[in-house]
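Below is one structure, written out as structure tokens, with a few remarks after it.
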Amino acid sequence: MEFKTVSVIGLGYIGLPTAAVLASRGVNVIGVDVNENVVDTLKRGLIHIVEPDLDMLVHAAVNTGHLRVTTRPEPADAFLIAVPTPFKDDHKPDLSYIEAAARSIAPVLKKGDLVVLESTSPVGATEHLAARLAEDRPDLSFPQVAGEEADIHVAYCPERVLPGHVIRELVDNDRVIGGMTPRCSQAAVTLYKMFVEGECIVTNVRTAEMCKLTENAFRDVNIAFANELSIVCDKLGINVWELIQLANRHPRVNILQPGPGVGGHCIAVDPWFIVSSAPQEARLIRTARDINDAKPDYVVRKVLQAVNSKDSPTIACLGLAFKANIDDLRESPAVTVVSRLGESIDGRLLVVEPHVEELPASLGELPNIEFSTLKDALDQADIVVLLVDHDQFKKVDPYQISGKTVIDTRGIWH
Ligand code: SAJ
């Protein structure tokens, strides 16, 4: 099987780097995104997201002509679907972007094509995708009916890259590949071997879907354990970071770090896909979500207690991103903490986030919240709330915070 042209559907945090890496291997890549602004930006060789080294790679791919971007799918030998899978208000997965991707590629599919779903998805989503494609293309056969003889090969292969290290991890990480039939898996392995140096491990489609959810649920449960420990330790007057360091000296213990909550669009979302598939059974996974989701409010209560003993204090809030050294504020617990503090405190809040240019709109609307430099905030604050462990904050000199009430949710100054 040969893939001369590969189409990547969805040019976001996963689709765009994947398209660019494939193009850098000499493959003709057609990048498709429904957002015209994104397509216009990319056509100019620029990028709309922040990820180290991605700008150079995209610029080169567009300049050499190996990456072409458009809003409408065109024929290709393989289609990689990397669209968002958020959840709805009730925490049930929203598959509408996958369905829209299926509708958009169905008209250009031809016999022999491979379709791979990369979006993090609930178990059964790939079969759902294949069913939608079959509905729109009754002239072609699909694996759910034709098995190994199908005209179209369908597989699931989850992305597992860590934001901030995407380009390296795309190439180095092992890939789990679940085809709807062994031949589908084989086709997908051939495709990924064009740029993946890690191992491509084959399984069935439902196991591959569950594997991705399991990885992120495992991390969520481990962080929930750390977050619960931090609350227990507050009650007992124990330094949780020292405790975890000591416990982790045991050869079979590896506890993650407590924080102000779990953010981003993966770890805080994906475990819900397991819970919604097995609500009675997935009790630990649901509890972990609840514990992590409740952590921002716990931090807010701690700050309010500190405020109580002071006369209209000035509060420095350090960090808004969902984790260290990135500019991504999506689902960030730090933003939740600042916004709740802004609503409930009369005093001034000086917010420092070195990775963005201005406050997000939701915070800018509150009159008592100001965007500040680190120096100004530390000079003026009575209370310092550390929300993100950015490198800049780790370098703060102890004298800059001495005499102030410090609430360090990440344990960088403990
Ligand atoms: N966090 C803690 N304590 C920790 C580790 C993380 O509070 O010890 C918090 C972070 O501050 C952040 C959140 O958890 O708010 C998530 O950060 P993260 O670094 O754990 O994960 P993500 O969301 O950046 O990326 C994860 C990764 N999954 C795993 O490590 C199992 C990545 O490999 C996945 O590709 C990505 O989700 C994804 O796209 O699913």
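Counting starts at 1 for both ligands and their atoms, in listed order.
- Inter-residue side-chain proximity for Val32 and Ser7 is flagged as met; some heavy-atom pair is nearer than 4.5 Å.
- Taking any N or O of Ile267, backbone or side chain, none lies under 3.5 Å from an N or O belonging to ligand 1.
- Heavy-atom contacts of Glu159 reach the following atoms of ligand 1: 35 (O), 38 (C), 39 (O), 40 (O) (cutoff under 4.0 Å).
- Closest to atom 11 (O) of ligand 1 among all protein heavy atoms lies Arg410 NH1, 2.8 Å.
- Within 6.0 Å of atom CZ in Phe225, 12 or fewer heavy atoms from other residues, nucleotides or ligands are found, so the atom counts as exposed in its surroundings.
- Within the structure, side-chain hydrogen bond (donor to acceptor under 3.5 Å, both in side chains) pairs that include any residue of residues 342-352 comprise Arg348-Glu370, Arg348-Gln380 (at least two apart or interchain).
- Two residues are said to be in side-chain contact when any heavy atoms from C-beta on lie closer than 4.5 Å; Val115 and Leu109 meet this criterion.
- Side chains of Ser230 and Lys295: a donor-acceptor N/O pair is present below 3.5 angstrom, by distance only.
- What sits closest to atom 6 (C) of ligand 1 on the protein, heavy atoms only, is Ile223 CD1, 3.5 Å.
- In this structure, the protein non-hydrogen atom closest to atom 5 (C) of ligand 1 is Arg219 NH2, 3.4 Å.
- Under 4.0 Å from ligand 1, not a single heavy atom of Asn227 appears.
- Atom numbering of ligand 1 starts at 1 in the shown order; those under 4.0 Å from a heavy atom of Glu215 are 31 (C).
- Less than 4.0 angstrom separates some heavy atom of Lys212 from each of these atoms of ligand 1: 34 (C), 35 (O), 38 (C), 39 (O), 40 (O).
- Distance from atom 36 (C) of ligand 1 to its nearest protein heavy atom, with residue and atom name: Cys266 SG, 3.6 Å.
- Remark: distances from the non-hydrogen atoms of His265 to ligand 1 are all 4.0 Å or more.
- Backbone and side-chain nitrogen or oxygen atoms of Thr120 are examined, and none is located within less than 3.5 angstrom of a nitrogen or oxygen of ligand 1.
- For the 3.5 Å distance criterion, the side chains of Asp234 and Tyr298 qualify, holding a donor opposite an acceptor.
- The protein heavy-atom contact nearest to atom 8 (O) of ligand 1 is Gln257 N, 2.9 Å.
- With a 6.0 Å radius and a threshold of 12 heavy atoms from other residues, nucleotides or ligands, Lys88 has its NZ atom above the threshold.
- Looking only at side-chain heavy atoms (C-beta outward), Leu80 and Tyr192 come within less than 4.5 Å of each other.
- Here the protein heavy atom with the shortest distance to atom 27 (C) of ligand 1 is Leu162 CD1, 3.8 Å.
- Looking only at heavy atoms of the protein, atom 31 (C) of ligand 1 is closest to Asn216 OD1, 3.2 Å.
- The list of salt bridge (Lys or Arg N to Asp or Glu O under 4.0 Å) pairs with a residue in residues 48-70, not counting sequence neighbours, reads Arg68-Glu74.
- With a heavy-atom cut-off of 4.0 Å, Glu331 does not touch ligand 1 at all.
- No more than 12 heavy-atom neighbours from other residues, nucleotides or ligands sit within 6.0 angstrom of OH on Tyr97.
- Residue Gly264 has no nitrogen or oxygen atom sitting less than 3.5 Å from a nitrogen or oxygen atom of ligand 1, judged on distance alone.
- Remark: ligand 1 atoms within the under-4.0 Å shell around heavy atoms of Pro163 are 24 (O), 25 (O).
- In this structure, atom 15 (O) of ligand 1 lies nearest to the protein heavy atom Phe322 O, 2.6 Å.
- By the 4.5 Å heavy-atom criterion applied to side chains, Leu320 and Leu363 are counted as neighbours.
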